[in-house]
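So the structure is just underneath, and the comments pick up after that.
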Amino acid sequence: MLINNSAFKDSIREKGYKLTHQRKAILEKIIENKGKHLTTEEVFETVKINFPEIGLATVYRTLQLFVEIGIVSTLNLDDGIVRYELKDINDEHQHHHLVCTKCGSLYEVEMDLLEDLEKNISEKYNFTIVNHSLKFYGICNKCKNDS
């Protein structure tokens with residue numbers, strides 16, 4: 001687990017929020033689905049199994065809070081759907097993604113090969129880079145083999 005309960009509680013309290021059962025349940029579902037890129041609706045569907053009284057708006061607001069605190073990051077694939085994933089607190093940058101344009105599958109690229117490019121851009125433009133995001137679009141191996 002990347003985040004322990006005390007770190008989560010501290011992050012929530014620092015922002016002036018309370019740790020509720022619903023927030024705990026949402027975080028647990030995100031941790032259980034580490035490596036997946038869940039939509040608000042997908043998080044809602046998994047959480048409401050144990051918390052049938054939870055509303056979609058509560059899940060949405062909680063995910064936004066987690067993004068603000070830095071526990072969760074968002075992924076936008078330019079399709080109008082925001083996806084959420086647990087942030088690796090030890091990772092300075094977001095990882096990169098491969099997106100299959102045929103089936104929509106999403107794969108994580110764990111290596112960061114942009115360090116030299118980042119350094120060159122920072123020096124040339126006197127610009128402090130704090131993060132970057134990169135997505136590769138193409139056809140996954142499964143779709144290539146199905147053709």
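Residues take their numbers from the sequence shown, with the count starting at 1.
- Interatomic distance, L98 CG to I139 CD1, rounded to the nearest 0.5 Å: 12.0 Å.
- With rounding to the nearest 0.5 angstrom, the OG1 atom of T74 is 10.5 Å from the CG atom of L63.
- I81 and V99 fall into different hydrophobic clusters, where Ile, Leu, Val, Met, Phe, Trp and Tyr side chains are chained together by heavy-atom contacts under 4.5 Å.
- Under the ring pair (Phe, Tyr, Trp, His ring centres under 6.0 Å) criterion, no residue pair touches residues 105-127, with sequence neighbours excluded.
- The two atoms that bring C140 and C100 nearest to each other are N-SG, 3.3 Å, heavy atoms only.
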Without placing hydrogens or testing angles, list every side-chain donor-acceptor pair under 3.5 Å for residues 42-49, not counting sequence neighbours.
unit_1, atom_1, unit_2, atom_2, d
E42, OE1, T39, N, 2.8
T46, OG1, E42, O, 3.4
T46, OG1, V43, O, 2.9

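- Residues that satisfy the side-chain hydrogen bond (donor to acceptor under 3.5 Å, both in side chains) test with D79, not counting sequence neighbours, are R83.
- Remark: L134 engages H96, L114, F136 in a side chain to side chain contact (heavy atoms under 4.5 Å, CB included) (not counting sequence neighbours).
- With sequence neighbours excluded, no residue satisfies salt bridge (Lys or Arg N to Asp or Glu O under 4.0 Å) with E108.
- For Q64, the side-chain hydrogen bond (donor to acceptor under 3.5 Å, both in side chains) criterion is met by Y84, not counting sequence neighbours.
- Side chain of R23 to backbone of K18: a donor-acceptor contact under 3.5 angstrom is found.
- Within the 4.5 Å cutoff, the side chain of V82 has no heavy atoms near those of the T40 side chain.
- The distance from atom CG of N50 to atom NE2 of H21, rounded to the nearest 0.5 Å, is 13.0 Å.
- When hydrophobic clusters are built by joining Ile, Leu, Val, Met, Phe, Trp and Tyr residues whose side-chain heavy atoms come closer than 4.5 Å, directly or via intermediates, Y60 is grouped together with L56.
- A distance of 10.5 Å separates CD1 of I31 from NZ of K34, quoted to the nearest 0.5 Å.
- Remark: H97 NE2 to K135 NZ distance equals 9.0 Å, nearest 0.5 Å.
- Partners of K142 under the side-chain hydrogen bond (donor to acceptor under 3.5 Å, both in side chains) rule, at least two apart in sequence or in another chain, are D146.
- Remark: K102 pairs with S147 by the side-chain hydrogen bond (donor to acceptor under 3.5 Å, both in side chains) rule, at least two apart or across chains.
- Atoms CD1 and OG1, from I30 and T62 in turn, are 9.0 Å apart once rounded to the nearest 0.5 Å.
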